[in-house]
Amino acid sequence: MKPTSGPEEARRPASDIRVFASNCSMHGLGHVFGPGSLSLRRGMWAAAVVLSVATFLYQVAERVRYYREFHHQTALDERESHRLVFPAVTLCNINPLRRSRLTPNDLHWAGSALLGLDPAEHPAFLRALGRPPAPPGFMPSPTFDMAQLYARAGHSLDDMLLDCRFRGEPCGPENFTMIFTRMGKCYTFNSGADGAELLTTTRGGMGNGLDIMLDVQQEEYLPVWRDNEETPFEVGIRVQIHSQEEPPIIDQLGLGVSPGYQTFVSCQQQQLSFLPPPWGDCSSASLNPNYEPEPSDPLSSPSPSLPYTLMGCRLACETRYVARKCGCRMMYMPGDAPVCSPQQYKNCAHPAIDAMLRKDSCACPNPCASTRYAKELSMVRIPSRAAARFLARKLNRSEAYIAENVLALDIFFEALNYETVEQKKAYEMSELLGDIGGQMGLFIGASLLTILEILDYLCEVFRDKVLGYFWNRRHSQRHSSTNLLQEGLGSHRTQVPHLSLGPSPLLCSEDLPPLLVLSPRLSPPPTAPATLSHGSRPAVCVLRAAP
């Protein structure tokens, strides 16, 4: 069979599969739908095309499935820096309250909640403190504030801080910010609170960080009256090294530093970056610590919140739980709820926190970006016998007092390099498209424009087959109604007489409707009837008048 000639191919509609196959850039279609009858060669080409398309679709489905699993990979890198922000350092004395600052009024209100004392034991406890019992007729105050108790009776940094230097320059209590934690009144160095400029360091190693000497004041420690979960048996301070955005959870994450030792803490900064869902499980939305039983006004502007941190989320979750259960908050918790009274501490707040920690009901994902500090500790005894007398004169303390109460703490960067731990998408959208394009070119020799050609062909098929069907159906209905109208008028039509046209041409056609078209310049037809015929069918003649 000869291939289709140019005019015949031009007369075929664009929806013809052979026209599409001959012009499509997809390999193999021209051999399947080309001219000629069915043959073994055409069948083999059809099988090859079907197999290639099936393999291509399978590979695409596999790549899409792998992409929708949202895999990620973790990259660890070490980077150099010429200047690093020094971390925040929070210090807490293990002893929460000084014995010299407790009063009979404090024991009346908080003795049961904080120390587990019965009212009948208050005189004996006061004698153990070296204080006289409450005088006869003692009347406690009508109100009591737990935050004020810790602020008044907690250890003062002015008394504890014996020496302070940062990068060799003197520092003092003014460089620390007071903060309440679950351990009571604590102090944070380089907190950045109230817009204070953060301290930086340009060198690593000892002498280029924070060097402090502290007096733990053992003579102010409360006597151990009975054993419970809150009873401290150790002496010293707790230290937590954290970023400025992260609140200290020093009772859980703090390092212990003992008197009689100089402790060296070598730090290395680590910057962590995690992916949000669906690739990971990180979050950057801060949790509001205020418990709101009623929905807030949607028109009111949201209050500014701190950056999301894991410890901040846990603290806010605990605050909301205690506020919902007890209608108050513990003194170290953020938010606007009132501080719990000692009775609420004992009967509601402490049991609620313990139950919450046992159930682990706070769902706090990792932050999408955070900073933490890897630490290495080492320590040596102080003072040496050679330096004991010198320190005793310098600090105006006895050698025995220095050995039991004084400690030194050096915190510094090991080097000015930092580690980055970053989660990255294992399979990007660009890689998915690249794989699909490679499979498309390998198996079917197609490209993105080939897909546009197929879509264009489908539009042509829809126009010719679907829309053409409805158009032909409407046209046939209109044509049948026209024939019925002409048959009704034919019974009343006057016979057309013979016409004398002279030299005027007579044009006849069998394909036109049965009409007689006369030029307006012709003479009126004669009265004698005339019959025009063409073969066996009536002919329609167009009469043209002579010029």
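Model, not experiment: these values are computed from the prediction.
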Participant: Judged by atom type as modelled, is there a donor-acceptor pair below 3.5 Å linking the side chain of R99 to the main-chain atoms of A128?
Facilitator: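 Yes; judged by distance alone, with no hydrogens or angles, the pair exists.
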Participant: Under 4.0 Å between a Lys/Arg side-chain N and an Asp/Glu carboxylate O for E69 and R65?
Facilitator: yes
Participant: Hey, can you tell me if F166 and F189 have their rings parallel, tilted or perpendicular (30° and 60° cut-offs)?
Facilitator: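 Answer is tilted, since the angle falls between 30° and 60°.
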Participant: Counting only heavy atoms not in D77 (residues, nucleotides, ligands), do more than 12 fall under 6.0 Å from its CG?
Facilitator: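 Yes, the 6.0 Å shell around CG holds more than 12 heavy atoms from other groups.
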Participant: Can you run down the side chain to side chain donor-acceptor pair (under 3.5 Å) pairs that involve residues 439-452, sequence neighbours left out, and say none if there aren't any?
Facilitator: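 Output for this query lists S25-T450.
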Participant: Taking NZ, NE, NH1 and NH2 as the nitrogens, is one of them in D435 or R63 under 4.0 Å from a carboxylate oxygen of the other?
Facilitator: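 Yes, D435 and R63 are salt-bridged.
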Participant: Looking at T371, T90, T188, T309, which one forms a side-chain hydrogen bond (donor to acceptor under 3.5 Å, both in side chains) with H242?
Facilitator: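 Of the listed options, the one satisfying the test is T90.
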Participant: Taking NE2 in H82 as the centre, count heavy atoms belonging to other residues, nucleotides or ligands within less than 6.0 Å. Is the count above 12?
Facilitator: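 At most 12 heavy atoms, drawn from other residues, nucleotides or ligands, come within 6.0 Å of this atom.
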Participant: Under a 4.0 Å N-O cut-off, is there an ion pair linking R152 with D106?
Facilitator: yes
Participant: Inspect the contact between D354 and K359 and indicate whether a charged nitrogen and a carboxylate oxygen are less than 4.0 angstrom apart.
Facilitator: no
Participant: Determine whether a donor-acceptor pair (N or O, by modelled atom type, separation under 3.5 Å) exists between the side chain of W109 and the backbone of D145.
Facilitator: no
Participant: Is R98 reaching over with its side chain to a backbone N or O of G154, donor-acceptor style, under 3.5 angstrom?
Facilitator: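 Yes, the answer is positive, given that a donor and an acceptor are paired below the 3.5 Å cut-off.
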Participant: SG-SG distance between C92 and C186 under 2.5 Å?
Facilitator: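 Their SG atoms fall under 2.5 Å; a disulfide, then.
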Participant: Look at the SG atom of C368 and the SG atom of C282, then say if they are under 2.5 Å from each other.
Facilitator: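 Answer is yes, sulfur atoms closer than 2.5 Å.
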Participant: Can you run down the side chain to side chain donor-acceptor pair (under 3.5 Å) pairs that involve residues 251-264, sequence neighbours left out, and say none if there aren't any?
Facilitator: Q262-D410
Participant: For the backbone of L157 and the side chain of Y187, can you confirm whether one donor and one acceptor N or O come within less than 3.5 Å of each other?
Facilitator: yes
Participant: Indicate yes or no for a side-chain donor-acceptor contact from E404 to the backbone of Y401 under 3.5 Å, with no hydrogens or angles considered.
Facilitator: no
Participant: For E197, is the CD atom crowded, meaning more than 12 foreign heavy atoms sit under 6.0 Å from it?
Facilitator: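 Atom CD in E197 is not packed in, count stays at 12 or less.
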Participant: Run Q270 and Q268 through side-chain hydrogen bond (donor to acceptor under 3.5 Å, both in side chains) and show every step you take.
Facilitator: CA-CA 6 Å; Q270 295 177 336; Q268 184 180 31; 5.1 Å; no
Participant: Would C340 and C326 count as a disulfide pair, i.e. SG atoms separated by less than 2.5 Å?
Facilitator: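 No disulfide here.
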Participant: Please answer whether the main-chain N or O of V89 pairs with a side-chain N or O of N190 as donor and acceptor at a distance below 3.5 Å.
Facilitator: no
Participant: I want to check something: taking the side chain as every heavy atom from C-beta on, are E219 and Q217 in contact at a cut-off of under 4.5 Å?
Facilitator: yes
Participant: Side-chain contact, heavy-atom cut-off 4.5 Å: P87 with F413?
Facilitator: yes
Participant: Taking disulfide bond (SG atoms under 2.5 Å apart) as the definition, give me every residue that meets it alongside C267, ordered by chain and number, with sequence neighbours left out.
Facilitator: none
Participant: Taking C164 and C171, which are both Cys, do their SG atoms fall under 2.5 Å of each other?
Facilitator: yes
Participant: Is there a side-chain contact between M213 and L161 (heavy atoms, below 4.5 Å)?
Facilitator: no
Participant: Where do S191 and T177 land on the side-chain hydrogen bond (donor to acceptor under 3.5 Å, both in side chains) test, with the steps shown first?
Facilitator: CA-CA 7 Å; S191 65; T177 303; 2.9 Å; yes
Participant: Within the side chain of S283, is there an N or O that forms a donor-acceptor pair under 3.5 Å with the backbone of P365?
Facilitator: no
Participant: Are there more than 12 heavy atoms of other residues, nucleotides or ligands under 6.0 Å from atom CZ of R167?
Facilitator: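 Yes - once you tally the heavy atoms of other residues, nucleotides and ligands closer than 6.0 Å, there are more than 12.
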Participant: So, does R238 use its side chain to make a donor-acceptor pair with the main chain of L255 at under 3.5 Å?
Facilitator: no
Participant: For the ring-ring contact (aromatic ring centres under 6.0 Å, His included) test, which of F70, W279, Y66 pairs with Y427?
Facilitator: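 For Y427, the ring-ring contact (aromatic ring centres under 6.0 Å, His included) check succeeds only for Y66.
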Participant: Are more than 12 heavy atoms from other residues, nucleotides or ligands located less than 6.0 Å from atom NZ of K375?
Facilitator: yes
